[in-house]
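This report refers to the structure that appears directly beneath it.
Both ligands and their constituent atoms are indexed starting at 1 by order of listing. Small disclaimer: the values here were computed from a predicted structure and weren't measured.
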Amino acid sequence: MRRLLVTGGAGFIGSNFVHHALEHTDVHVTVLDRLTYAASPEALHALPGDRFDLVVGDIADEQLVGDLVGRLIGPGDAVVHFAAESHNDNSLHDPSPFIQTNIVGTFALLEAVRRHDVRLHHVSTDEVYGDLELDDPQRFTEHTPYRPSSPYSASKAAADHLVRAWVRSFGVRATLSNCSNNYGPWQHVEKFIPRQITNVLAGGRVKLYGSGENVRDWIHAEDHSSAVWTILEKGQVGATYLIGADGERSNLDVVRLILELMGHDPGDFDHVVDRAGHDLRYAIDPTRLRTELGWTPSHGSFEEGLARTIQWYAAHRDWWEPKKAGTEAAYAAKGQ
Ligand code: NAD
Ligand code: TDX
């Protein structure tokens, strides 16, 4: 049986990928996750014990990572690297864990896959490319120069550069992907869409940063997972693939849609203090992934995916309610 080591597999997207891999293939998955505030081990309950195990630990722990990577000895075995500090607002408050996990942690993983000659897929973000003007006809491609804005996106850019250097200088067998904004179940309530849904469910107000003209390119986490699997199977070593599903929406439109879908007046939200250095627009051109690897997203409609996500949060109060008060208190302290 093929074996995968999935870092950050207890997080929002990593756990989605673990389910995808176990449901669609016969691989064995070991998750390595430090179980930070952002983790949801609940998302991994009820997985088959003979094909799945969870190791609680840090990707920057060289010895642990070396031991786990050293167990991957079959030809199809691989590391899929999701673990990261992932929230821009947190990186503005305290960049330190972003440098440690996203850069030093990725370095530790690269040294282990180099030593043991194991295939790696590195998961990254479209934010490494900076932002676009609202009327720019170009979208991000694999050739767009890096221009990250926040400590989070700069740390992810640094990690991407390390991966490419290890490919070129040491012959590490790695692929990379840069994906647009994900939504779906198990996303932490600090993030935009879950924050607004749970604000409404908890009887609070929806909070839009600044004018809300900022555009994000939304993709369902299940489509991100299927794209990563496709790259793992068919991707060319050393290549980068951009993952996106043509889902550009302004934040203002998303806020109005959430309110409408939840039976509220679409104008019933507050404008709050804008994010420092707030990127204006992200947009992915996924042509390479679609034409070279034949990937297509399965979630055709953002409205439908959002409606199902709202239903999911309404049905999983036990999971998010304990996280809500602390998250909102931190936002309130910043006027957000
Ligand atoms: P998340 O914050 O929900 O989950 C991150 C996971 O990594 C958590 O389970 C956490 O416990 C774990 N982790 C953090 N530090 C660790 C460490 N030092 N050692 C081991 N585990 C550690 O993040 P997410 O939204 O699921 O993002 C996953 C990956 O996808 C990240 O690399 C992120 O940059 C990338 N990405 C996210 C999005 C998005 O919209 N969320 C878009 C594109 C790319
Ligand atoms: O309350 C809010 N109000 C608001 O208007 C929050 C939390 C956010 N926003 C805005 C900021 C962004 O323009 O919504 C947009 C989305 O915000 P986030 O959910 O924080 O996502 P973003 O900063 O775009 O980054 C996300 O996508 C790329 C993920 O968090 C990253 O991990 C990923 O790399």
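Using a distance-only test at 3.5 Å, with no hydrogens or angles considered, no donor-acceptor pair links the side chain of Ser153 to the main chain of Pro148. When atom types are taken as modelled, the side chain of Asp160 and the backbone of Leu176 share no donor-acceptor pair closer than 3.5 angstrom. In terms of modelled atom types and a separation under 3.5 Å, the side chain of Asn181 and the main chain of Trp218 share no donor-acceptor contact.
Here the shortest heavy-atom distance to atom 14 (C) of ligand 1, taken over Ala84, Ser40, Gly184, belongs to Ala84. Among Ala43, Ala221, Ser180, Gly14, the residue whose heavy atom lies closest to atom 42 (C) of ligand 1 is Ser180. Selection from Ile59, Asn102, Asn90 by nearest heavy atom to atom 19 (N) of ligand 1 gives Ile59.
Among protein heavy atoms, atom 15 (N) of ligand 1 sits closest to Thr101 CG2, 3.5 Å. Ranking the protein heavy atoms by distance from atom 10 (C) of ligand 2 puts Asn251 ND2, 3.5 Å first. Annotation: atom 8 (C) of ligand 1 to nearest protein heavy atom, Asp33 OD2, 3.6 Å. Nearest protein neighbour of atom 17 (O) of ligand 2, counting heavy atoms only, is Phe192 CB, 3.6 Å. Distance from atom 26 (O) of ligand 1 to its nearest protein heavy atom, with residue and atom name: Ile13 N, 2.8 Å. For atom 26 (C) of ligand 2, the closest non-hydrogen atom of the protein is Asn181 ND2, 3.4 Å. Looking from atom 1 (O) of ligand 2 to the surrounding protein, the closest heavy atom is Arg195 NH1, 2.8 Å. Scanning the protein heavy atoms around atom 3 (O) of ligand 1, the nearest turns out to be Phe12 N, 3.1 Å. Atom 28 (C) of ligand 2 has its closest protein heavy atom at Glu127 OE2, 2.9 Å. Here the heavy atom of the protein found nearest to atom 43 (C) of ligand 1 is Cys179 O, 3.3 Å. Summary of contacts: the protein heavy atom closest to atom 20 (C) of ligand 1 is Arg34 N, 3.2 Å. The nearest protein atom to atom 44 (C) of ligand 1, hydrogens excluded, is given as Ser124 O, 3.1 Å; this is a heavy-atom distance. Of the protein's non-hydrogen atoms, Ser86 O, 2.8 Å is the one closest to atom 32 (O) of ligand 2. If you check which protein heavy atom lies closest to atom 4 (O) of ligand 1, you get Gly11 CA, 3.4 Å. For atom 23 (O) of ligand 2, the nearest non-hydrogen atom of the protein is Arg275 NH1, 2.6 Å. With respect to atom 3 (N) of ligand 2, the closest heavy atom belonging to the protein is Lys207 O, 2.9 Å.
Taking a cutoff of 4.0 Å between a charged side-chain nitrogen and a carboxylate oxygen, Glu321 and Lys324 do not qualify as a salt bridge. Using a 4.0 Å cut-off between a side-chain N of Lys or Arg and a carboxylate O of Asp or Glu, Glu303 and Arg249 qualify as a salt bridge. A salt bridge does not link Asp217 to Arg281: none of the charged nitrogens lies less than 4.0 Å from a carboxylate oxygen. By the 4.0 Å N-to-carboxylate-O rule, Arg2 lies close enough to Glu233 to be salt-bridged with it. Taking 4.0 Å as the cut-off between side-chain N and carboxylate O, Arg139 and Asp246 count as a salt-bridged pair. For Arg34 and Asp58, the salt-bridge test passes: some basic side-chain N is under 4.0 Å from an acidic carboxylate O.
Not one N or O of Ile193 is nearer than 3.5 Å to an N or O of ligand 2, by distance alone. Geometrically, ligand 2 and Trp218 share no nitrogen or oxygen pair separated by less than 3.5 Å. Where the criterion is an N or O separation shorter than 3.5 Å, residue side chain and backbone included, Asn182 meets it with respect to ligand 1. Distances between N or O atoms of Tyr209 and those of ligand 2 include at least one value under 3.5 Å.
Taking every heavy atom of Tyr152 and a limit of under 4.0 angstrom, the matching atoms of ligand 1 come to 33 (C), 34 (O). Interface of Leu35 with ligand 1, defined as ligand atoms under 4.0 Å from a residue heavy atom, comprises 11 (O). Ligand 1 places these atoms under 4.0 Å from at least one heavy atom of Phe82: 28 (C), 29 (C), 31 (C), 32 (O). Each of the atoms 19 (N), 20 (C) of ligand 1 lies under 4.0 Å from some heavy atom of Gly57. Less than 4.0 angstrom separates some heavy atom of Ser86 from each of these atoms of ligand 1: 1 (P), 2 (O), 23 (O). Atoms of ligand 1 found under 4.0 Å from any heavy atom of Ala38, numbered from 1 in the order shown, are 2 (O). Taking every heavy atom of Thr36 and a limit of under 4.0 angstrom, the matching atoms of ligand 1 come to 10 (C), 11 (O), 14 (C), 15 (N). Within ligand 1, the atoms closer than 4.0 Å to a non-hydrogen atom of Ala39 are 9 (O), 11 (O), numbered from 1 in the order shown.
Remark: distances from the non-hydrogen atoms of Lys156 to ligand 1 include one below 4.0 Å. Residue-ligand proximity: Ala10 is placed with a non-hydrogen atom under 4.0 Å from ligand 1. By the 4.0 Å heavy-atom criterion, Gln196 is counted among the residues contacting ligand 2. Residue contact annotation: Ser15 has no non-hydrogen atom under 4.0 Å from ligand 1. Using a non-hydrogen distance threshold of 4.0 Å, His278 registers as a contact of ligand 2. Contact annotation: Val123 has at least one heavy atom less than 4.0 Å from an atom of ligand 1.
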Requested in this report: Take Thr125 and Lys156, measure what side chain to side chain donor-acceptor pair (under 3.5 Å) needs, and give me the verdict at the end.
Outcome: CA-CA 7 Å; Thr125 170; Lys156 292 295 291 187; over 6 Å; no

Report task. Please report the C-alpha distance between Trp319 and Trp312 in whole Å, then the side-chain angles of each, then the deciding distance to 0.1 Å, and finally whether the ring-ring contact (aromatic ring centres under 6.0 Å, His included) criterion is met. Result -> CA-CA 11 Å; Trp319 171 70; Trp312 188 91; 5.6 Å; yes

Requested in this report: Kindly determine whether Thr141 and Asp285 satisfy side chain to side chain donor-acceptor pair (under 3.5 Å), including the steps that lead there.
Outcome: CA-CA 6 Å; Thr141 73; Asp285 177 350; over 6 Å; no

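Side-chain heavy atoms closer than 4.5 Å link hydrophobic residues (I, L, V, M, F, W, Y) into clusters, and following such links, even through other members, never connects Ile258 to Val272.
For Asp279 and Asn88, the side-chain atoms include no donor-acceptor pair closer than 3.5 Å.
Remark: of the listed residues Lys191, Glu222, His220, His224, His224 is the sole one forming a side-chain contact (heavy atoms from CB on, under 4.5 Å) with Asn182.
No side-chain heavy atom of Gln187 sits less than 4.5 Å from a side-chain heavy atom of Thr309.
Below 30°, between 30° and 60°, or above 60°: for Tyr146 and His161 the angle between ring planes is between 30° and 60°, a tilted geometry. The aromatic rings of His20 and Phe17 sit parallel to each other, their planes meeting at less than 30°, with 60° as the upper class boundary.
Relative to the ring axis of Tyr331, Arg195 places its NZ or CZ within 45° and under 6.0 Å from the centre.
For Tyr183 and Phe302, the ring centers sit closer than 6.0 Å to each other. Between His264 and Phe269, the ring center distance fails the sub-6.0 Å criterion.
Neither the backbone nor the side chain of Ala60 comes within 4.0 Å of ligand 1, counting heavy atoms alone.
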